[in-house]
Number of protein chains: 2
Amino acid sequence: MAKLRLEDVADAAGVSKATVSRVINRRGYLSQKTINLVERTMKELNYRPNAIAQQMTTGKTQLIGILVPNVANPFFGELASALENRLFKMGYKVLVGNAQNDAVKESRYLQQLLNHQVDALIIATHNHNVEEYQNANLPIIAIDRYLRQDIPVVQSDNYAGGKLATETLIQRGATKIIHTDNLPSNQHDTQRKVAYETTMRSHQLTPTTYLTNFYGDHTDRVNVFNQLFDEHPDVDGIFASNDTDAALLLQIAHQRGYHLPNDLQIIGYDGTQASQLLAPDLATIVQPIANMANVAVDLLESRLKKQPLPASVVLPVTLREGATLRAK
Amino acid sequence: MAKLRLEDVADAAGVSKATVSRVINRRGYLSQKTINLVERTMKELNYRPNAIAQQMTTGKTQLIGILVPNVANPFFGELASALENRLFKMGYKVLVGNAQNDAVKESRYLQQLLNHQVDALIIATHNHNVEEYQNANLPIIAIDRYLRQDIPVVQSDNYAGGKLATETLIQRGATKIIHTDNLPSNQHDTQRKVAYETTMRSHQLTPTTYLTNFYGDHTDRVNVFNQLFDEHPDVDGIFASNDTDAALLLQIAHQRGYHLPNDLQIIGYDGTQASQLLAPDLATIVQPIANMANVAVDLLESRLKKQPLPASVVLPVTLREGATLRAK
DNA sequence: TTGAAAGCGCTAACAA
DNA sequence: TTGTTAGCGCTTTCAA
């Protein structure tokens, strides 16, 4: 069976192509009789409009491109899922570009999304080639990173998160607190680090940070964290910049005989569903992923309606208690 | 600046549209001089071919649709990521349909993917409406579930996995072993359950299974698992049908004062990267996610080349040791 | 080796 | 209320 076209439906129903098109799009004047006739015919023929051809004529694809570093990372998986969920309800389809932490792939994806005439873009990658976004002439919303002056950024409050983590550890009695941070080339995690350092100093404590590379592998992290314990066996609090690092630190601490939360307290960052389910004992700073997605979509909607937008929206984070933290 | 068309490039370069098209697609006879000229012009103008128009004429979209229950679930997130990774290398783009465990959304997505003229489909959802796949007239590969006689299924060896989990627990000294299974409407997890029951009986042990609903929420699971411990306080081994359930069981067991792995051993299922990172202590049966993705793409490639295909491919699972299991 | 022109399936004026 | 027709931006014969 060859692909059915709108014209086949028109012929079968004995009407014109325009009429069928009107029924499909519920546009213009239409008698109920015609609507019924055409709908019945479409159903009988099992006709499905060719979205490509529709896009060709309207110029609108109803397609939104999302670029993330890696959907296998629960944070971005959940973010993409939440974005997609909202957008789908609004009648958009989502083309997810999974940059796999690869700058070349990121830019190839960007090209492809543009070629595909996406109506807008939501960017959550680390964008090594910011220039490419400069001459992209369509609505863009960035998540947790700055791209260009007129591109609004949606993010959670990284400074407040870093401060909350640090102060919580201090309140629960830790004094030798170490921070581990995980930096991509553009160093966006710095707000958390700055907050940690400032908070430590304001309590007359000395900040110490260990850095891991966002693009580094598991072994690198294990090495850095072992070094941390070797050099600071008296550590009694760790603020990790993400939950998987926190889980790894927790494991290493166990192996080294630390008892949590008495000898050592650990607090992670992100608070994904996955970490909640798989590491329910881990205390963590929760980023409001679903809310970030909602706000991003709202901004996109405003942008598409040519409404004025804020330069950035910062959303609050919360503390999730866990067994790696002493009781209040 | 208005959108550039191929014609603008042709005018600027002083050649015909056909020539520009030939350069873009490297087809037909072309002098090097013309190639250089056209390429230079395209670069200067920052021209990007309109993929929609290309698709319109060629009928090929180079788009593959993937339908998953939920990318926020690490298993499917990692699967989608692996699929996308392979497909991208082959020049395909991926349209991910995230059914959000919602039958209506699944079918709406299916329609949309078909409307978008995807060249092929990879289905990993629980497909409540199998009929819809019946008259879809394009290459389809299914992951871990049967759709139609001529649609090949890629799956890991669920029976062997269930057997491996059960035998491992038995070998490590457990005798009161309980299985928790997590069933969607189409009950595909049954192979694991059957393997568990068969293996138990062959060791003269009595199988006991607690069921949770795949679409149920967290509270439902907590209730079922509490019931498990209430009714079987002497349980000394649990085989959970996925890692998040295993992590939850682990947490409840701790709260109830069980010491692992002495009082109780737990073994999960799936072995995602996320569970490895976030719950490194958890022993589990690992499904070869990346390999499943690779095989699915290979099959798709063969199908697109009209080569004959196997009805199904079953891939081996492995045991990941962890602190929830006694030493060998 | 290049150009002219038809056509992919649909929508949107404009007519009727 | 419905039909006719001219494109949308590209690729692909067919001619030159």
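Note that the structure is predicted; figures quoted are calculated from it, not measured. What you see below is based on every heavy atom in this structure, not just the backbone, and it leaves out hydrogens, waters and symmetry mates. Here is the naming used below: chain letters follow the sequence lines, and residue numbers restart at 1 for every chain.
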Comparing A:A53 and B:Y29 on DNA chain C - which has the more 5′ nearest nucleotide
B:Y29

Heavy-atom nearest nucleotide on DNA chain C for B:T34 versus A:S21: which residue maps closer to 5'?
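Result: B:T34.
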
Taking only side-chain nitrogens and oxygens of [X], does any of them come within less than 4.0 Å of OP1 or OP2 of [N]?
| X | N | answer |
| --- | --- | --- |
| B:R27 | D:dT12 | yes |
| A:N25 | C:dT11 | yes |
| A:Q54 | C:dG9 | no |
| B:T58 | D:dC10 | no |
| A:S31 | D:dT1 | no |
| B:T57 | D:dT11 | no |

In whole angstroms, how far is the [atom2] atom of [N] from the [atom1] atom of [X]?
| X | N | atom1 | atom2 | value |
| --- | --- | --- | --- | --- |
| B:I24 | D:dG9 | CD1 | P | 14 Å |
| A:I52 | D:dC10 | CD1 | C1' | 13 Å |
| A:M56 | D:dC8 | CE | C1' | 4 Å |

In terms of side-chain heavy atoms of A:A18, which of D:dT4, C:dT11, C:dT2 is nearest?
D:dT4

